[in-house]
Amino acid sequence: MARSYGTSAARVEGLKWMFAHIRVLIMALMTAGPVWAQTPATAPAKPVKMVVLGDSLSAGLGLSAPAAFPARLQKALADKGIKVDMTNAGVSGDTTSGGRDRLDWSIPDGTEAVIVELGANDALRGIDPAVTRAALTDILTRLKARKIAVLLCGMVAPPNYGSDYAARFNAIYPELAKSFGVPLYPFFLEGVAADAKLNQADGIHPTAEGVDIIVKNILPMVEAFLGTISGQRS
């Protein structure tokens with residue numbers, strides 16, 4: 001037996017009601033767009049504002065601007081999907097005291113991270129390690145007060161001033177890193193120092209290839225460093 005759906009007129013009215021609602025639904029979907037478009041997009045991560053406070057080693061003495069350490073580090077991070085708003089605040093010839101004296105205008109408001117690369121000129125000039133320690137202590141204290149994260153890059157004294165001087169100078173970086181609770185990259189020129197093929201004619205400043213090796217070596221630590229900043233943002 002066929003199932004009854006009522007009179008013919010009732011069926012017509014029912015169909016009209018159904019098609020009217022289908023039409024409204026179709027119009028609503030066309031207006032709203034595809035379902036995936038209705039899902040709120042995740043806002044792109046805001047680039048971390050980073051400054052490299054350093055001397056000629058980071059300023060890129062003898063190199064083009066794109067070959068300097070900050071630019072090469074920024075590119076290496078970008079290749080890994082990590083966006084950084086990078087500022088090269090390297091000044092050739094600067095000592096730790098010079099970096100301290102220009103700290104306020106070298107590190108603008110809004111800076112979230114600083115890589116401190118200073119001390120090579122102190123060691124080359126035989127500056128009293130106590131002076132170097134005091135300058136770096138002041139830099140770290142002031143950055144901490146501004147709630148700016150710091151990655152400290154260590155330096156190693158050349159042997160020409162004797163073992164006592166080297167011991168006093170080399171101890172500065174690990175001791176300050178521990179005292180201030182900041183990450184330490186032990187030796188900025190690791191893998192490059194004393195290699196004639198990776199340094200310019202002066203035997204001190206890295207070539208572009210030398211800079212790339214520095215970047216490759218320090219990159220994992222910088223990634224971890226930036227990861228802590230991103231974690232604090234969320």
Please, which pairs that meet side-chain hydrogen bond (donor to acceptor under 3.5 Å, both in side chains) have at least one residue in [range], sequence neighbours excluded?
{"range": "residues 143-165", "answer": "none"}
{"range": "residues 73-82", "answer": "Lys75-Asp79"}
{"range": "residues 176-193", "answer": "none"}

Report yes if the side chains of [X] and [Y] come closer than 4.5 Å at any heavy-atom pair, otherwise no.
{"X": "Val51", "Y": "Pro108", "answer": "yes"}
{"X": "Phe169", "Y": "Thr132", "answer": "yes"}
{"X": "Pro206", "Y": "Leu57", "answer": "yes"}

Between [X] and [Y] (side chain of the first, backbone of the second, donor and acceptor by atom type, cut-off under 3.5 Å), is there such a pair?
{"X": "Asn88", "Y": "Ala68", "result": "no"}
{"X": "Thr207", "Y": "Gly210", "result": "yes"}
{"X": "Asp138", "Y": "Ala134", "result": "no"}
{"X": "Thr111", "Y": "Ile107", "result": "no"}
{"X": "Asn170", "Y": "Ala157", "result": "yes"}
{"X": "Asp122", "Y": "Thr95", "result": "no"}

At their closest point, which heavy atom of [X] faces which heavy atom of [Y], and how far apart are they?
{"X": "Ser58", "Y": "Val52", "result": "CB-CG1, 3.7 Å"}
{"X": "Leu184", "Y": "Pro174", "result": "CD2-CA, 3.6 Å"}
{"X": "Val150", "Y": "Leu143", "result": "CG2-CD1, 3.6 Å"}
{"X": "Phe225", "Y": "Pro183", "result": "CD1-CG, 3.9 Å"}
{"X": "Leu118", "Y": "Tyr173", "result": "O-OH, 2.7 Å"}
{"X": "Ile218", "Y": "Cys153", "result": "CD1-SG, 4.0 Å"}

Linking I/L/V/M/F/W/Y whenever their side-chain heavy atoms sit closer than 4.5 Å, directly or via other members, would [X] and [Y] fall into one cluster?
{"X": "Leu219", "Y": "Ile115", "answer": "yes"}
{"X": "Ile148", "Y": "Val116", "answer": "yes"}
{"X": "Met221", "Y": "Val48", "answer": "yes"}
{"X": "Leu61", "Y": "Leu53", "answer": "no"}
{"X": "Ile139", "Y": "Phe180", "answer": "yes"}

List the residues meeting side-chain hydrogen bond (donor to acceptor under 3.5 Å, both in side chains) with Asp101, not counting sequence neighbours, and say none if there are none.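 By the side-chain hydrogen bond (donor to acceptor under 3.5 Å, both in side chains) rule, Asp101 matches no residue at all.
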Working to the nearest 0.5 Å, report the span between [atom1] of [X] and [atom2] of [Y].
{"X": "Lys49", "Y": "Glu112", "atom1": "NZ", "atom2": "CD", "answer": "8.0 Å"}
{"X": "Leu136", "Y": "Glu175", "atom1": "CG", "atom2": "CD", "answer": "12.0 Å"}
{"X": "Glu117", "Y": "Asp55", "atom1": "CD", "atom2": "CG", "answer": "4.0 Å"}
{"X": "Arg100", "Y": "Thr137", "atom1": "CZ", "atom2": "OG1", "answer": "10.0 Å"}

Closer than 4.0 angstrom, basic N to acidic O: yes or no for Lys46 and Asp85?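 Looking at Lys46 and Asp85, the cut-off is not met.
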Evaluate the criterion side chain to side chain contact (heavy atoms under 4.5 Å, CB included) for residue pair Asp128 and Arg168; output intermediate values, then yes/no. CA-CA 9 Å; Asp128 185 345; Arg168 291 174 60 211; 2.9 Å; yes
Residues in side chain to side chain contact (heavy atoms under 4.5 Å, CB included) contact with Asp202, at least two apart in sequence or another chain: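 Expected list: Gln200, Ile204, His205.
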From the options Val192, Ile214, Val211, Leu189, select the one residue that forms a side-chain contact (heavy atoms from CB on, under 4.5 Å) with Leu198.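 Only one of Val192, Ile214, Val211, Leu189 forms a side-chain contact (heavy atoms from CB on, under 4.5 Å) with Leu198, namely Val192.
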According to the salt bridge (Lys or Arg N to Asp or Glu O under 4.0 Å) rule, which pairs have a member within residues 203-221, sequence neighbours left out?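 Checked against salt bridge (Lys or Arg N to Asp or Glu O under 4.0 Å) - neighbours excluded - the pairs reaching residues 203-221 are Arg72-Asp212.
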